Amino acid sequence: MMILLVATLGLIAAAILALWPAPGDRAHRTPAAAIAEPAETARPTCLEGVLAAQLVGGDITRPQYQRAIERLAARDEERHPLAVPWDDRLA
């Protein structure tokens, strides 16, 4: 019975310590200060990301996005064609 009590108290203490914020953690800030911070926006690093951001932002329409992706895929196929090794098992 004593082992069960010690194990339960140990688990409770471990849960409290796991949820306790670190000294430099953002949890110590007030909610108003957290809201006042500017939002960090990730910038796309590839053309597909730029096109997706434009689509989501409403800068281009869905058909424009699809045509741009088609042209991008065709250009990629032209520059880097898919080379499949010959397989004798198919013959």
Side-chain angles (χ1 to χ4, degrees):
M1 185 65 149
M2 188 65 153
I3 295 173
L4 183 60
L5 180 64
V6 170
T8 304
L9 291 175
L11 287 174
I12 291 172
I16 289 172
L17 289 175
L19 297 176
W20 197 269
D25 201 2
R26 295 174 71 152
H28 286 290
R29 298 181 187 171
T30 61
I35 294 171
E37 293 179 0
E40 296 178 16
T41 56
R43 299 187 66 188
T45 58
C46 60
L47 184 54
E48 292 92 342
V50 172
L51 289 170
Q54 288 177 347
L55 177 65
V56 171
D59 297 333
I60 60 175
T61 63
R62 184 176 176 156
Q64 289 173 327
Y65 171 78
Q66 289 174 338
R67 281 193 302 273
I69 291 294
E70 287 171 1
R71 287 192 304 267
L72 183 63
R75 186 180 73 188
D76 186 47
E77 176 63 27
E78 187 177 300
R79 290 181 181 175
H80 308 287
L82 181 63
V84 179
W86 182 257
D87 191 2
D88 290 332
R89 293 178 292 171
L90 297 176

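Everything quoted here is computed from the prediction, not taken from an experiment.
Applying the side chain to side chain contact (heavy atoms under 4.5 Å, CB included) criterion to Leu5, with sequence neighbours excluded, gives Met2, Leu9. For Thr8, the side chain to side chain contact (heavy atoms under 4.5 Å, CB included) partners at least two apart in sequence or on another chain are Leu4, Ile12.
Pairs engaging residues 70-80 under the side-chain hydrogen bond (donor to acceptor under 3.5 Å, both in side chains) rule: none recorded [sequence neighbours left out].
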Side-chain donor-acceptor contacts of residues 57-69 below 3.5 Å, not counting sequence neighbours, with atom names and distances?
{"unit_1": "Thr61", "atom_1": "OG1", "unit_2": "Gln64", "atom_2": "N", "d": "3.4"}
{"unit_1": "Thr61", "atom_1": "OG1", "unit_2": "Gln64", "atom_2": "OE1", "d": "3.3"}
{"unit_1": "Gln64", "atom_1": "OE1", "unit_2": "Thr61", "atom_2": "N", "d": "2.8"}

